[in-house]
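Every chain is numbered from 1, with letters handed out A, B, ... down the list of sequences. If you're wondering where the values come from, they're calculated on a predicted model, not measured in any experiment.
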Amino acid sequence: MGLQAEWSVYTMSDMDRLCFDTTKIDKIQELRGRGVTVYPYTFERKDTVEEIRERFSAIGHEKSEEAVSTAGRIYIVRQHGKTIFADMGDSCGRIQLYLRKNDLGEEQFELFKQYVDAGDIIGVVGHVFRTKMGEITIWVDRFELLTKSVCPLPEKFHGLKNVETRYRQRYLDLIMNDESRETFRTRSRIIALLRQFLFEREYLEFETPTLQPIYGGANARPFTTYHNALDQKLYLRIAPELYLKRLVVGGFDKVFEIAKNFRNEDIDTNHNPEFSMVEIYEAYRDYNDMMDLTEEIFAHLAEKVCGNTTVLFAGQDLDFSRPWRRLSMEEAVREYAGIDFQAMSLEELRAFGLEHCVEGCESATTRGEYLVLFFEHFGEKQLIRPTFVYDFPVENSPLAKKHRTKEGFTERFELFIAGMEMANGFSELNDPLDQKARLELQDAKRRRGDLEAQMIDYDFINALGYGMPPTGGVGIGIDRLVMLLTGNDSIKEVLLFPQMKTIPGSNGSEPEQDGGEE
RNA sequence: GGGCCUGUAGCUUAGUUCGGCAGAGCGACGGACUCUUAAUCCGUAGGCCAAGGGUUCAAAUCCCUUCAGGCCCGCCA
């Protein structure tokens with residue numbers, strides 16, 4: 001047993017790792033023999049498929065006066081002797097090509113017939129017309145092979161369905177599946193709209209460190225790495241929070257960052273080890289203001305992206321129109337667990353939790369811990385339409401400011417939609433002494449083996465020591481937001497390259513253990 | 001970590017219940033065809049059924065182990 005035996009099973013030759021089709025490689029040799037440049041450098045594309053479709057939407061059966069020049073990938077070729085029809089597509093759509101031996105001449109026509117296959121990328125110059133069957137078509141005057149594909153394309157009708165292949169070879173998914181391409185186009189648009197929304201309101205966008213000597217801003221296990229020259233351990237950030245607050249201390253009073261965060265935890269339908277989040281901080285605001293801002297952002301994006309404030313997700317209509325339901329965590333527990341939390345003693349809470357098999361109750365010791373456990377057990381999954389839950393116990397909110405009136409609570413909220421946590425925000429804790437005490441508690445938990453507890457960042461505490469104005473902050477999970485707005489119920493469907501286990505032998509040799517040495 | 005499900009040709013899949021020579025469509029290759037569009041028609045090649053082991057006269061099919069993936073739960077922002 002052992003590694004040796006396991007790896008030897010997976011030894012692969014090049015052709016096992018590659019999907020190259022030998023007949024296509026032969027074609028390349030033959031093309032070169034005929035003096036054809038198989039991988040040329042440019043093509044003067046003057047029109048996209050979309051532009052052509054728009055411009056010639058009213059075209060008749062006569063060829064257009066105006067010539068077009070466009071390029072794209074061949075998806076299907078239909079040969080008819082001295083005529084060929086082909087479907088060509090670019091990033092926005094497909095269009096039919098019509099090639100005739102009479103027009104192209106013997107040599108060009110035979111070149112296409114013999115050597116241009118589905119998957120290849122070509123450029124065409126021609127005129128537009130409508131076929132007898134009513135299809136807008138480019139009548140090709142000349143074409144140019146721009147890239148020869150050597151891997152076979154999946155089937156033209158069913159396309160690529162295999163989920164694992166779609167994730168592992170996303171490029172192929174994007175080539176074959178319009179819905180997938182549409183999802184990622186929308187993702188790009190959502191992020192652009194989000195930036196625009198914040199820029200218009202004069203927030204400044206910054207980039208803070210991804211490699212951090214001390215991780216913080218969330219409770220999660222980090223990825224650990226090492227800097228050789230500095231000879232020290234570094235962590236991939238689990239959140240940008242502590243750095244963004246330093247910027248608020250420094251005087252930037254409206255800031256945001258669209259951050260990739262990294263958390264070394266399990267992968268499932270709505271968790272990926274690296275994920276995107278927008279964090280926003282604004283001085284002189286509190287958590288009520290941040291709930292308002294969150295609502296505005298979601299409603300704005302839903303309307304821009306989906307055309308209205310109702311979106312269909314996992315078979316349910318989600319209404320994003322404002323105002324959203326807001327209930328305190330105690331109210332949520334009253335509603336979903338059916339108990340009056342305030343009226344119950346610690347013993348009664350414990351008994352209730354054990355009776356209902358609420359996870360974590362065995363080790364819970366404070367009222368706040370029970371409250372959170374009950375909320376998560378009874379409430380969280382029930383919150384389908386957008387709902388803010390606010391006022392969290394101080395125990396599990398080490399960076400949130402103590403509640404202005406409720407003893408033992410913080411001014412913190414989370415947003416739930418479709419049972420998913422979508423956003424998390426607070427009136428930021430800006431009392432340096434309180435912050436120090438809270439992080440010391442976290443550190444003690446961490447030393448006792450709580451792998452998700454936070455580290456003490458003394459420089460951050462010092463920053464607060466110089467004075468951070470009253471500040472509201474919120475973080476919004478971008479991937480989950482994209483899930484909602486594109487109707488995908490798995491995070492992998494909205495991540496271009498979701499984390500997958502490497503298939504042994506598929507990646508060539510691995511670097512040395514301590515790679516990176518010059 | 002626990003449960004359920006899936007893996008058959010380049011792609012989409014039938015066959016697994018109840019063991020009996022692994023089937024199809026598309027694609028590829030060769031041929032016919034000047035308005036087709038999942039083109040059509042004729043012909044050819046291609047898979048040892050995720051990997052390994054076991055039961056059996058006989059295994060894609062039953063059993064075990066492993067690998068990868070999906071869904072759910074646990075854990076976790």
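Here the side chain of A/Thr387 pairs a donor or acceptor atom with the backbone of A/Arg385 at under 3.5 angstrom. Under the 3.5 Å distance criterion, the side-chain polar atoms of A/Asp286 are left unmatched by any main-chain donor or acceptor of A/Gly472.
Rounded to a whole angstrom, the distance from the P atom of B/rU16 to that of B/rC62 is 10 Å. Separation of the P atoms belonging to B/rA51 and B/rG10 is 13 Å when rounded to the nearest angstrom. Using atom C1' as the reference point in both B/rA50 and B/rC72, the two lie 24 Å apart (nearest Å). With C1' as the reference atom, B/rU66 and B/rC29 are 38 Å apart, rounded to whole Å. To the nearest whole angstrom, the two C1' atoms, one in B/rU17 and one in B/rA59, are 16 Å apart. Taking atom P on both nucleotides, B/rU40 is separated from B/rC35 by 15 Å, rounded to a whole Å. Going from the P atom of B/rG69 to that of B/rA24 covers 33 Å, rounded to whole Å. Between B/rC26 and B/rG43, the distance separating the two P atoms is 13 Å to the nearest Å.
Each of A/Arg263, A/Arg480, A/Glu265 was scored for a side-chain hydrogen bond (donor to acceptor under 3.5 Å, both in side chains) with A/His271, with one residue passing: A/Arg480. When A/Phe341, A/Phe375, A/Phe374 are each tested for a side-chain contact (heavy atoms from CB on, under 4.5 Å) with A/Met329, only one passes: A/Phe375.
For the pair A/Lys156 and B/rG27, the criterion of a side-chain N or O lying under 4.0 Å from OP1 or OP2 is met. Phosphate proximity of B/rG70 to A/Lys492: present, with a side-chain N or O under 4.0 Å from OP1 or OP2. Using a 4.0 Å cut-off, some side-chain N or O of A/Lys27 falls inside it from OP1 or OP2 of B/rC29.
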Notebook entry, point to check: For nucleotides 32-37 of chain B, read 5' to 3', which letter fits each nucleotide if B means a protein heavy atom sits under 4.0 Å from the base, S means only the sugar-phosphate is that close, and - means neither?
Noted result: -BBBBB
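Whole-Å rounding puts the A/Glu164 CD to B/rU8 P distance at 10 Å. Whole-Å rounding puts the A/Lys24 NZ to B/rG10 P distance at 14 Å.
Under the Watson-Crick or G-U wobble criterion, with both distances below 3.5 Å, B/rG43 is paired with B/rC29. Across all strands shown, B/rA24 forms a Watson-Crick or G-U wobble pair with B/rU12, both key distances being under 3.5 Å.
Here A/Thr165 lies out of heavy-atom contact (under 4.0 Å) with every strand. Using a 4.0 Å heavy-atom criterion, one finds that A/Gly159 contacts the sugar-phosphate atoms exclusively. A/Met500 comes within 4.0 angstrom of the backbone, heavy atoms only, and of no base. Contact annotation for A/Arg221: no contact, since no heavy-atom pair falls under 4.0 Å across all strands.
A/Asp479 and A/Arg187 are joined by a salt bridge, as a carboxylate oxygen and a charged side-chain nitrogen come within less than 4.0 angstrom of each other. Classification of A/Lys260 and A/Glu274 as a salt-bridged pair holds, one side-chain N sitting under 4.0 Å from a carboxylate O.
No close placement of the A/Phe129 and A/His61 rings is indicated, their centers lying 6.0 Å or farther apart.
For the contact set between residues 255-273 of chain A and RNA chain B, defined by any heavy atom under 4.0 Å, the members are A/Arg263, A/Glu265, A/Asp266, A/Thr269, A/His271.
Contact annotation: the side chain of A/Met88 approaches that of A/Ile122 to within less than 4.5 Å [non-hydrogen atoms, C-beta and beyond].
Below 30°, between 30° and 60°, or above 60°: for A/Phe223 and A/Phe262 the angle between ring planes is above 60°, a perpendicular geometry.
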Next item on the list: Show your reasoning for whether ring pair (Phe, Tyr, Trp, His ring centres under 6.0 Å) applies to A/Tyr235 and A/Tyr215.
Entry: CA-CA 6 Å; A/Tyr235 302 96; A/Tyr215 62 92; 4.8 Å; yes
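In terms of position on RNA chain B, the residue among A/Asp489 and A/Leu160 whose nearest nucleotide sits closer to the 5' end is A/Leu160. Taking the nucleotide of RNA chain B with the nearest heavy atom to each of A/Lys501 and A/His377, the more 5' of the two is matched to A/Lys501.
If you check the side chains of A/Arg34 and A/Gln114, you find no donor sitting under 3.5 Å from an acceptor.
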